[in-house]
Amino acid sequence: QVQLVESGGGLVQAGGSLRLSCAASGRTSSTSAMAWFRQAPGKERELVTTINWSDGNTYYADSVKGRFTISRDNAKNTVYLQMNSLKPEDTAVYYCASRLGIRYSGIHFRTSGDYNYWGQGTQVTVSS
């Protein structure tokens with residue numbers, strides 16, 4: 001079992017920044033990849049970014065590329081999402097997700113079904 005706890009969401013004006021954190025506990029030694037997804041009202045959950053645990057390689061959705069950065073602190077079992085130049089369309093509940101199992105290089109897991117554990121979500125609201 002893995003427990004994920006997100007924090008750092010809030011209300012920010014367009015153009016501002018926020019940093020989300022996701023603290024993992026439990027079977028973290030089996031982590032293969034972690035990701036951030038988001039879900040806006042009336043929309044499906046979508047991938048924001050992923051990071052591979054084997055090599056730290058990252059993937060970003062086109063909508064956030066150049067503005068968002070995912071990073072990790074292995075010692076703290078924590079993943080971060082630095083969000084800059086925020087736009088109103090970034091408003092959503094942001095979820096942290098963890099995948100356990102084999103560590104791959106060069107492969108990014110991009111669908112929600114690829115992940116085993118989820119956090120409770122944190123609200124990000126960007127005002128115009």
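Each residue takes its place number in the sequence, starting with 1.
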F109: ring-ring contact (aromatic ring centres under 6.0 Å, His included) partners, not counting sequence neighbours: Y104

Output a table of donor-acceptor pairs, distance under 3.5 Å, between side-chain atoms of residues 14-30 and any protein atom two or more places apart or on a different chain; print 'none' if there are none.
residue, atom, partner, partner atom, Å
S17, OG, N84, OD1, 2.9
S25, OG, Q3, OE1, 3.3

Minimal non-hydrogen separation, Y117 against L4, with atom names: O-CD1, 3.5 Å

F68 vs V48, side-chain contact (heavy atoms from CB on, under 4.5 Å): CA-CA, chis, key distance, verdict: CA-CA 9 Å; F68 289 12; V48 175; 3.7 Å; yes

Q13 side-chain N/O to V126 backbone N/O, donor-acceptor pair under 3.5 Å: no

Any residue meeting side-chain contact (heavy atoms from CB on, under 4.5 Å) with Q123, in chain and number order, not counting sequence neighbours: T91, V93, T125

Side-chain donor/acceptor of N52 to backbone N/O of S54, under 3.5 Å: no

Common cluster, L81/I51, ILVMFWY with side-chain heavy-atom separation under 4.5 Å: yes

Where at least one partner belongs to residues 117-128, residue pairs that pass salt bridge (charged side-chain N to carboxylate O under 4.0 Å, His left out), sequence neighbours excluded: none

Co-members of Y80 in a cluster of I, L, V, M, F, W and Y side chains, linked at under 4.5 Å: none

N/O donor-acceptor pair under 3.5 Å between D73 side chain and T78 backbone: no

hydrophobic_cluster_shared for I107 and I102, side chain cutoff 4.5 Å: yes

Hydrophobic cluster identity match, M34 and Y94, side-chain contacts under 4.5 Å: yes

Qualifying salt bridge (charged side-chain N to carboxylate O under 4.0 Å, His left out) pairs, either residue in residues 57-66, two or more places apart: D62-K65

Rounded distance (nearest 0.5 Å) linking atom CZ of R72 with atom OG1 of T58: 10.5 Å

Shared hydrophobic cluster, V64 / L47 (ILVMFWY, side-chain heavy atoms < 4.5 Å): no

Listed once per pair and sorted, the disulfide bond (SG atoms under 2.5 Å apart) pairs that draw on residues 31-64, sequence neighbours left out: none

T50: side-chain hydrogen bond (donor to acceptor under 3.5 Å, both in side chains) partners, not counting sequence neighbours: H108

Any donor-acceptor pair under 3.5 Å from Q39 side chain to A92 backbone: no

All side-chain hydrogen bond (donor to acceptor under 3.5 Å, both in side chains) counterparts of D90, not counting sequence neighbours: R38, R67

Atom pair CG/CD of L100 and Q1 - distance to nearest 0.5 Å: 9.5 Å

Common cluster, Y59/I70, ILVMFWY with side-chain heavy-atom separation under 4.5 Å: no

Residue pairs fulfilling ring pair (Phe, Tyr, Trp, His ring centres under 6.0 Å) with at least one residue in residues 20-44, sequence neighbours excluded: F37-Y115, F37-W118

Residues that K43 engages under salt bridge (charged side-chain N to carboxylate O under 4.0 Å, His left out), provided they are two or more places apart: none

Residue pairs involving residues 96-121 (criterion salt bridge (charged side-chain N to carboxylate O under 4.0 Å, His left out); sequence neighbours excluded): none

